[in-house]
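Accompanying notes for the structure given below.
Below, each value reflects all heavy atoms present in this structure, side chains not excepted, and no hydrogens, waters or symmetry copies. Everything numeric here is computed off the predicted structure, so don't read it as measured data.
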Amino acid sequence: MKVAIRRFQLSSLGQMGCLLGVVAAFLPSLLCGLLGVGLAEAVRNWLEGWQQLPISLLGTEITTLDFVRLLGLEGALQALQVLTTASGAVLLLAVLVMALASGLLLALITILVGVAYNLLAAATGGVVVEMAPASRRTPPE
């Protein structure tokens, strides 16, 4: 029996695309989240090392300089401190946001492909599929 696929339901394509996108993006999102938290921790430690830099002359400490304040990086350092102290919650939120964003992007792509297929199928008749009952095995052509 032959059937022709003349039209895809776009809402169904969008839902499936979103679900597949979330599932496919979960592990990369988790890895990116872990990398982001680790990078924020490293930058925070680096900036905190710039807060109290001693200036010495002939073995005698003259003064200490706070390069974070001199360069106006207090806000960035505070943001990094907040980010790294709440790292578990931030990591989970980042993973969920990245996976959902990937799912929505894949949903949009599958809907656009569905629209293109529906337009082409209206003009050409669509893809013809030959179907057989599952119990009857036929060799591939």
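Distance alone, capped at 3.5 Å, places no donor-acceptor pair between the Arg7 side chain and the Ala121 backbone. Of the possible polar contacts, one joining the Thr85 side chain to the Val82 backbone as a donor-acceptor pair under 3.5 Å is found.
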### Message
The test is side-chain contact (heavy atoms from CB on, under 4.5 Å); show your working for Leu77 and Glu48 and say whether it passes.
### Response
CA-CA 8 Å; Leu77 180 59; Glu48 284 176 347; 3.8 Å; yes
### Query
So Tyr117 and Ile5, side-chain contact (heavy atoms from CB on, under 4.5 Å) or not? Walk me through it.
CA-CA 10 Å; Tyr117 177 83; Ile5 302 173; 3.6 Å; yes
### Message
Could you walk me through whether Gln81 and Arg44 satisfy the side-chain contact (heavy atoms from CB on, under 4.5 Å) test, starting with their C-alpha distance in whole Å, then the side-chain angles of each, then the deciding distance to 0.1 Å, before giving a yes or no?
### Response
CA-CA 7 Å; Gln81 288 169 337; Arg44 179 186 62 89; 3.6 Å; yes
#### Entry: Trace of the side-chain contact (heavy atoms from CB on, under 4.5 Å) decision for Val127 with Val129
CA-CA 6 Å; Val127 173; Val129 179; 4.2 Å; yes
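For the pair Val43 and Leu47, the minimum side-chain heavy-atom distance is below 4.5 Å. Leu35 has its side chain out of reach of Leu31: every pair of non-hydrogen atoms, C-beta onward, lies at least 4.5 Å apart. The closest side-chain heavy-atom distance from Asn45 to Glu41 is below 4.5 Å. The shortest side-chain heavy-atom distance between Thr110 and Leu10 does not fall under the 4.5 Å cut-off. Glu130 is not listed as a side-chain neighbour of Met1, based on a closest heavy-atom distance of 4.5 Å or more. At least one side-chain heavy atom of Leu104 sits less than 4.5 Å from a side-chain heavy atom of Cys18. When side chains are defined from C-beta on, Val128 does not count as touching Val3, because their heavy atoms never get closer than 4.5 Å.
We find the CE-CG distance between Met16 and Leu106 to be 11.0 Å, quoted to the nearest 0.5 Å. Distance check: Gln15 CD to Ile111 CD1 gives 9.0 Å after rounding to the nearest 0.5 Å.
Residues Phe8 and Val115 share a hydrophobic cluster, clusters being chains of Ile/Leu/Val/Met/Phe/Trp/Tyr side chains in contact below 4.5 Å. One hydrophobic cluster, built from ILVMFWY side chains closer than 4.5 Å, cannot hold both Leu13 and Leu105; they sit in different ones. Linking Ile, Leu, Val, Met, Phe, Trp and Tyr whenever their side-chain heavy atoms come within less than 4.5 Å leaves Met98 and Leu27 in two separate clusters. The cluster map of Ile, Leu, Val, Met, Phe, Trp and Tyr, joined by side-chain heavy atoms under 4.5 Å apart, puts Leu34 and Phe26 in the same cluster.
In this structure, Ser102 and Gly21 approach most closely via the heavy-atom pair CB-O, 4.2 Å. When all heavy atoms of Ala99 and Ala25 are compared, the pair lying nearest together is CA-CB, 4.0 Å.
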